[in-house]
Amino acid sequence: MAVIAGNWKMHMAPEEARAFFSAYEIDEIIADNEVLIFPPTISLVAAYKCEDRDPRVQLGIQNVHWEDCGAFTGEISAEMAASAGASYALVGHSERRQLFGETDEQVALKVAAALRQDLIPVICVGETLEEREAGRVSEVILRQLDFALASIPDPETRFLIAYEPVWAIGTGKTATPMDAAGAHGTLRNRLEQAIGMTAAARTEILYGGSVQPRNAAELLAAQDVDGVLVGGASVNPQSFGDITRAAG
Ligand code: 13P
């Protein structure tokens, strides 16, 4: 079983979201796999209500605020996301961290906010090229993970991790299956220490960063890779369908 997730980022207005679901055939979804789509917030309701969307394709929000409500112009709460049809929440995507200055502390607060509304957090971690070249991959991703784990109340709480090396996002440079397996192994070991062997084994760790139909199968076959988080290739129903099939 694998998790195939698509992060549409700031693409796909409501009408395009509807068109996606009418072209993304349910036959392409292999029985045991889980398929998630993270539309931009403005398209979440359209995606949720779209009759062409098979209900097995679940939805998530790309970001939430850490407060439940209040005077935070332009922000969206986890409660609103849940009531608009989200079951998952991306937290700490590198674009949030890098472009919008999101800190480890804020990521931890957002994980807690998502869980208060029964949204399943997908916690994103990943190193920059500079950090990789300085040999700091484990240090960086474990620091990011530890902050987020502080908001996980007990081993029964479901959450996912997405390892997305920043240098691989939108660049066409994919981590090798060995790079991915190495980072995922590091994350899994930390999970074992933090929440125990059983919970760590069932926590899905997704790889993200230039996943394409041509490389999805080899990445999904790598040790400790339980799924993929796809950006650019997820807005095209044919490519996302091919990636979904690669999980079979
Ligand atoms: P790309 O697949 O476009 O590299 O984006 C990956 C990503 O950031 C998914 O969250």
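Both counts, for ligands and for their atoms, begin at 1 and track the order of listing. Only a predicted model underlies this, so the values are computations on that prediction, with no experimental measurement involved. Note that the numbering runs from 1 along the sequence shown for the chain.
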Between Asn7 and ligand 1, is there a nitrogen or oxygen pair with a distance under 3.5 Å?
yes
What pair of heavy atoms forms the shortest contact from Val140 to Gly126, and how long is it?
CG1-O, 4.1 Å
Under 4.0 Å from one or more heavy atoms of His93, ligand 1 contributes atoms 7 (C), 8 (O), 9 (C), 10 (O)
Contact check: Glu95 vs ligand 1, nitrogen or oxygen atoms, below 3.5 angstrom:
no
Heavy atom of the protein closest to atom 3 (O) of ligand 1 (residue, atom name, distance):
Gly232 N, 2.8 Å
Does the residue Gln212 have a heavy-atom contact with ligand 1, meaning some pair of atoms that are separated by less than 4.0 Å?
no
From Cys124, Gly208, Ser210 - option closest to atom 1 (P) of ligand 1 by heavy atom:
Ser210
Against heavy atoms of Leu229, which atoms of ligand 1 measure under 4.0 Å?
9 (C), 10 (O)
Could you tell me whether Asp52 and Arg18 have a side-chain N and a carboxylate O separated by less than 4.0 Å?
no
Side-chain H-bond candidate by donor/acceptor type, Gln223 with His184, under 3.5 Å:
no
Ranked by distance from atom 5 (O) of ligand 1, the top protein heavy atom is Lys9 NZ, 3.1 Å
Looking only at non-hydrogen atoms, which of Gly172, Gly126, Ser94, Gly231 approaches atom 2 (O) of ligand 1 most closely?
Gly231
If you measure from the Lys or Arg side-chain nitrogens to the Asp or Glu carboxylate oxygens, is any gap between Arg97 and Glu102 under 4.0 Å?
no
Taking 4.0 angstrom as the limit, do Arg143 and Asp146 come out as a salt bridge?
no
Met197 atom CE: more than 12 heavy-atom contacts under 6.0 Å
no
Under 3.5 Å between any N/O of Val230 and any N/O of ligand 1: does that happen in this structure?
no
Please classify the Ala168 to ligand 1 contact at 4.0 Å (heavy-atom distances, strictly less than): side chain, backbone, both or neither.
backbone
Ignoring angles and geometry beyond distance, decide whether Gly170 reaches within less than 3.5 Å of ligand 1 through its nitrogen or oxygen atoms.
yes
Got a sec: does the CD of Gln193 have more than 12 other heavy atoms crowding it under 6.0 Å?
yes
Is the shortest distance from a heavy atom of Gly209 to ligand 1 less than 4.0 Å?
yes
Scan for side-chain hydrogen bond (donor to acceptor under 3.5 Å, both in side chains) pairs involving residues 71-88, sequence neighbours excluded, and state none if there are none.
Glu34-Tyr88, Tyr88-Arg158
Considering only the protein, which heavy-atom contact is closest to atom 7 (C) of ligand 1, and what is its distance?
Glu164 OE2, 3.1 Å
Would you say CG of Leu129 has more than 12 non-hydrogen atoms from neighbouring residues, nucleotides or ligands within 6.0 angstrom?
yes
